[in-house]
Participant: 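This structure is in structure tokens; I'll ask about it shortly.
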Amino acid sequence: MTDNTQQPEAGLQRAPADLPTQYAPAEVEGKLYERWVERGYFEADATSDKPPYTIVIPPPNVTGALHLGHAFQHTLMDALTRRKRMQGYEALWLPGMDHAGIATQNKVEQQLADEGRSRHDLGREAFVERVWQWKDEFGGRILGQMRRLGDGVDWSRERFTMDEGLSRAVLTIFKRLYDDGLIYRAERIINWCPRCLTAISDIEVEYQEDAGELVSIAYGEGEDRLVVATTRAETMLGDTAVAVHPEDERYRHLIGSRIKLPLTDRTIPVVADEHVDPEFGTGAVKVTPAHDPNDFAIGRRHDLPSLTVMDERGVITVHGPFEGLDRFEARSAIVGALREQGRIVAEKRPYTHSVGHCSRCRTTVEPRLSMQWWVKVEPLAKEAGDAVRDGRVTIHPADLSKRYFDWVDNMHDWCISRQLWWGHRIPVWYGPDGEMVCVGPDEEPPSGEGWTQESDVLDTWFSSALWPFSTLGWPEQTPDLKKFYSTDVLLTGHDIIFFWVARMMMFGLYAMDGRQPFHTIALTGLVRDEHGKKMSKSNPNSVDPLDWMDAYGADAVRFTLARGANPGADVPIGEDWVQASRNFANKLWNATRFALLNGATVDGPLPEAGALSASDRWILSRLNTVIAEVDAAYEDYQFAKASDLLFHFAWDEVFDWYVELSKTVFAAGGPAADASRRVLGEVLDRTLRLLHPIVPFVTEELWTTLTGRESLVVADWPVDTGFRDAAAEGELATVQKVVTEIRRFRADQGLQPGQRVPARLELDGTGLADHEEAMRSLLRLQPAGDGFEASATLPVAGAVVALDLSGAIDFAAERKRLEKDLAAAEKELKQTTAKLGNEGFLAKAPEPVVEKIRGRRDAAEADIQRITTQLDRLPRA
RNA sequence: GGGUGCAUAGCUCAGCGGUAGAGCGCUUCCCUUACAAGGAAGAUGUCACAGGUUCGAUCCCUGUUGCGCCCACCA
């Protein structure tokens with residue numbers, strides 16, 4: 001539905017007097033959102049003839065609450081879809097949530113722990129059941145908060161990564177990848193979280209500089225003695241070699257020999273490996289293939305055994321004095337024991353180095369040799385890179401594409417198995433004789449004795465990677481999939497390019513036969529506090545957007561976020577800024593109130609240009625310019641620019657000038673007033689439409705009241721009619737200049753703003769005659785009566801304003817100010833004249849620039865003339 | 001270690017080869033019949049530093065300094 005078919009509804013329009021002088025968001029937001037949903041405005045129609053416009057929401061964790069980062073991205077996605085809907089697209093913004101494997105399992109395990117139980121007490125099936133219960137009871141709090149924010153999502157299409165359809169998509173693609181040889185099982189060093197008790201992928205590891213201790217330990221005896229350095233002494237129990245660089249003269253004689261490993265009864269070989277940097281430390285490296293990825297690689301090259309010395313909780317399992325100690329306890333115990341033996345050759349020294357932590361629980365990650373499932377990414381990543389390289393997918397802002405390429409071009413295989421219970425269980429069955437069968441979605445698992453299913457589940461991001469098409473019904477060829485895939489924009493933070501964006505690209509291109517999951521990747525920055533500090537859940541500076549929405553309204557939060565949304569850049573936000581946005585909403589409110597009180601009209605055609613005053617033509621000309629500029633900003637994802645343009649157009653031009661000028665016109669009445677009423681209605685109507693995608697609530701409330709129509713959500717987006725009137729724009733600029741100049745004079749003279757002053761305006765030849773009444777009103781100038789005696793005469797922009805100030809003013813101050821202005825004007829004249837005398841400039845500068853400089857020179861000349869006249873007329877003190 | 005970005009008004013940030021901008025904050029005056037969540041007027045910047053290119057540089061190039069971010073298997 002568009003507003004062409006929208007008729008004023010009886011009873012919807014309120015009497016203007018009903019509008020209070022302040023906007024109360026709480027009273028309208030909830031009501032309006034309910035109405036939008038009830039009327040189905042956000043429900044997309046797969047059978048419509050309109051062109052589709054699709055955005056799938058980055059699914060928030062089912063455990064999550066709305067934080068400012070969500071609020072930010074949701075505001076932008078909402079603005080995009082709302083605008084496209086108004087432009088006549090079949091706009092779909094598809095919502096949903098992610099099952100968030102580790103996070104959710106942790107929540108429920110915590111719950112069980114409070115009851116003194118563990119998941120093992122329940123068993124797998126009951127535990128998973130319990131997680132579903134948890135989801136029903138506590139999950140999805142964020143969905144309500146999204147309504148609060150005004151997210152225009154299609155709730156009828158809400159999805160969950162663990163729901164039936166999406167699970168089927170997961171099984172389908174797993175099977176296909178498996179059959180194509182792109183999923184395999186292998187034993188490797190992985191990142192293990194000893195608290196979550198699962199493998200995690202490389203990007204789920206967050207590195208931070210930790211203070212550690214680098215100890216140097218003497219291995220071997222006598223001639224064979226050799227010193228290695230380590231920060232993880234406990235891993236020496238699993239050493240199966242010492243490696244040195246093959247060219248290193250210091251150790252050449254030892255290569256191939258075996259040396260005694262302290263604290264054990266084992267001897268280990270000395271091997272030569274190019275990987276060792278002879279410059280670093282002692283040039284000799286202990287090799288623990290089971291507990292370090294580098295060492296694992298060295299072990300491979302030299303056929304070394306791997307000795308696992310810890311269990312999954314990081315507890316030492318090697319028989320002997322250290323057995324049963326936690327890895328950190330074992331570290332100090334072992335260093336102590338070595339010291340007693342005199343094997344610590346360099347005392348411990350502080351050493352900060354980069355240590356990996358589990359992104360979910362901050363526990364120090366333990367590299368661990370283990371059997372896991374992997375996606376072979378090479379062919380998939382190649383496609384994902386090419387799709388951007390060949391322009392099928394565009395990244396905004398473009399400079400972030402380098403980061404994308406760096407990743408996809410150097411991607412390691414993806415570890416997709418997790419030792420959890422909550423998630424998509426890997427559909428592979430093991431037979432009694434070591435057989436391995438991958439079971440597709442429509443297949444029965446093998447029956448018979450001894451067949452068991454793989455117990456691991458898939459990484460949460462595996463199902464997230466399918467989101468742009470699994471949510472539309474894939475693998476079925478549904479009408480939704482046909483209509484809405486590929487999606488148009490993926491808008492998300494640049495921090496999950498690797499986690500999510502690249503993987504959606506890989507799986508989307510693979511599953512949809514080369515059709516990209518989205519045309520555009522719009523990357524946003526992160527929300528920060530008012531001083532640019534990162535906001536995160538763990539930081540005390542973190543703000544709950546709900547609090548701000550309660551205090552200032554959802555629109556205020558949205559507008560603030562949109563105004564901060566420079567492409568790819570981080571967004572600082574502080575409460576002051578939300579207040580400023582709230583003030584803007586209130587300003588809109590009162591401007592509309594003014595329009596209603598003065599009978600602004602929105603129906604019927606605009607009067608012909610000939611029937612319009614200069615200010616009418618000026619504001620319409622500006623309106624159309626702004627429409628074009630806002631469109632351009634949107635097309636380039638420049639939300640800050642679009643918001644800022646509208647903010648300043650509405651406030652600085654429409655409200656501060658057009659509305660003020662119109663007061664005089666309305667007071668005079670007649671056809672001119674009727675025309676202005678229509679223009680004011682038009683400008684307000686269009687401005688509210690333009691603002692609606694960003695601040696949907698207040699604009700809806702005002703627009704429906706102003707127009708009596710059903711809803712702005714389904715109204716038409718304004719189109720630039722092409723109307724421009726440079727002459728009117730120039731004329732109004734002059735009016736503003738004169739008014740501002742005289743106001744300045746008044747202020748300088750200490751006149752009260754409301755004080756009426758007798759004045760005579762000489763406007764002959766200025767073209768401003770039509771504006772005399774308006775200027776008098778804006779300047780509080782009374783007509784010059786009998787006995788008028790001009791004590792100040794100010795020529796401004798060709799006009800002359802003579803004021804009778806009864807001699808009660810400080811002309812010395814005015815003289816001083818004018819002399820300052822004169823000096824500035826003379827300097828300007830000198831500069832511009834010099835420039836215009838410069839042959840190089842005249843020869844090389846483009847004509848418009850030269851023209852501009854000439855204009856400046858002429859203006860300076862005129863200013864000098866004016867100021868001189870003004871000075872001459874100024875009475876001597 | 002490798003990339004990459006930033007340094008502009010008190011704060012947070014736009015701008016980007018041709019007279020320095022916004023919001024907030026600040027100063028003064030004003031409850032002027034839409035709005036004090038408001039109005040009017042005003043102050044505030046060697047656009048980090050040093051060179052270079054150009055008729056002209058906050059903007060382009062080089063270097064320096066200081067921050068930030070991303071990636072990386074430095075024992």
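Side-chain atoms are counted along with the backbone in the values below, which use heavy atoms only and exclude waters and symmetry mates. A, B, ... follow the sequence lines: proteins, then strands. Residue 1 opens every chain. Since the model is a prediction, treat every value here as computed from it, not as a measurement.
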Participant: Using a cut-off of strictly less than 4.0 Å, decide whether N590(A) has a side-chain nitrogen or oxygen near OP1 or OP2 of A37(B).
Facilitator: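 Checking A37(B) against N590(A), no side-chain N or O comes under 4.0 Å of OP1 or OP2.
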Participant: Between G66(B) and A57(B), how far apart are the P atoms? Round to whole Å, please.
Facilitator: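 Each nucleotide's P atom is 28 Å from the other's.
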Participant: Which residue, R327(A), R331(A), K286(A), forms the salt bridge (charged side-chain N to carboxylate O under 4.0 Å, His left out) with E234(A)?
Facilitator: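 The single option meeting the salt bridge (charged side-chain N to carboxylate O under 4.0 Å, His left out) with E234(A) is R331(A).
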Participant: Return the 5'-most residue of the pair D570(A), P278(A) with respect to RNA chain B, ranking by each residue's nearest nucleotide.
Facilitator: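 Upstream on the strand: D570(A).
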Participant: Under 4.0 Å: is that the gap between some side-chain N or O of K402(A) and OP1 or OP2 of G5(B)?
Facilitator: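 For G5(B), OP1/OP2 do not have a side-chain N/O of K402(A) under 4.0 Å.
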Participant: Just to confirm, is there a sub-4.0 Å distance from OP1 or OP2 of U19(B) to any side-chain nitrogen or oxygen of R856(A)?
Facilitator: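 For U19(B), OP1/OP2 do have a side-chain N/O of R856(A) under 4.0 Å.
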Participant: Is the shortest side-chain N to carboxylate O distance from D636(A) to K641(A) below 4.0 Å?
Facilitator: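 Between K641(A) and D636(A) there is no salt bridge, as every charged N stays at least 4.0 Å from the carboxylate O atoms.
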Participant: If only side-chain N and O atoms of Q579(A) are considered, is one of them under 4.0 Å from the OP1 or OP2 phosphate oxygen of A37(B)?
Facilitator: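 The answer is no; no side-chain N or O of Q579(A) sits under 4.0 Å from OP1 or OP2.
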Participant: Once you apply the 3.5 Å cut-off to both distances, tell me the Watson-Crick or G-U wobble partner of U46(B), or none.
Facilitator: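 Across all strands, not a single nucleotide pairs with U46(B).
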Participant: Here's one to test your reading of the geometry: is the NZ or CZ of R563(A) within 45 degrees of the ring axis of W577(A) and under 6.0 Å from its centre?
Facilitator: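 So R563(A) doesn't make the cation-pi contact.
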Participant: For A22(B), does either OP1 or OP2 sit under 4.0 Å from a side-chain N or O belonging to R563(A)?
Facilitator: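 The answer is no; no side-chain N or O of R563(A) sits under 4.0 Å from OP1 or OP2.
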Participant: I'd like to know if E660(A) reaches the base of A34(B) with its side chain, counting only an N/O donor and acceptor under 3.5 Å.
Facilitator: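 It does, because a donor-acceptor pair links the side chain of E660(A) to the base of A34(B) below 3.5 Å.
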Participant: Should K835(A) be listed as having a side-chain N or O under 4.0 Å from OP1 or OP2 of G18(B)?
Facilitator: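 It does not, given that no N or O in the side chain of K835(A) lies less than 4.0 Å from OP1 or OP2 of G18(B).
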Participant: Check the phosphate of A37(B) against W577(A), side-chain N and O only, distance under 4.0 Å to OP1 or OP2. Yes or no?
Facilitator: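 The answer is no; no side-chain N or O of W577(A) sits under 4.0 Å from OP1 or OP2.
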Participant: In a check of ring-ring contact (aromatic ring centres under 6.0 Å, His included) between F559(A) and each of F584(A), Y552(A), F697(A), F639(A), which one passes?
Facilitator: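 Going through the options one by one, the only one that passes is F584(A).
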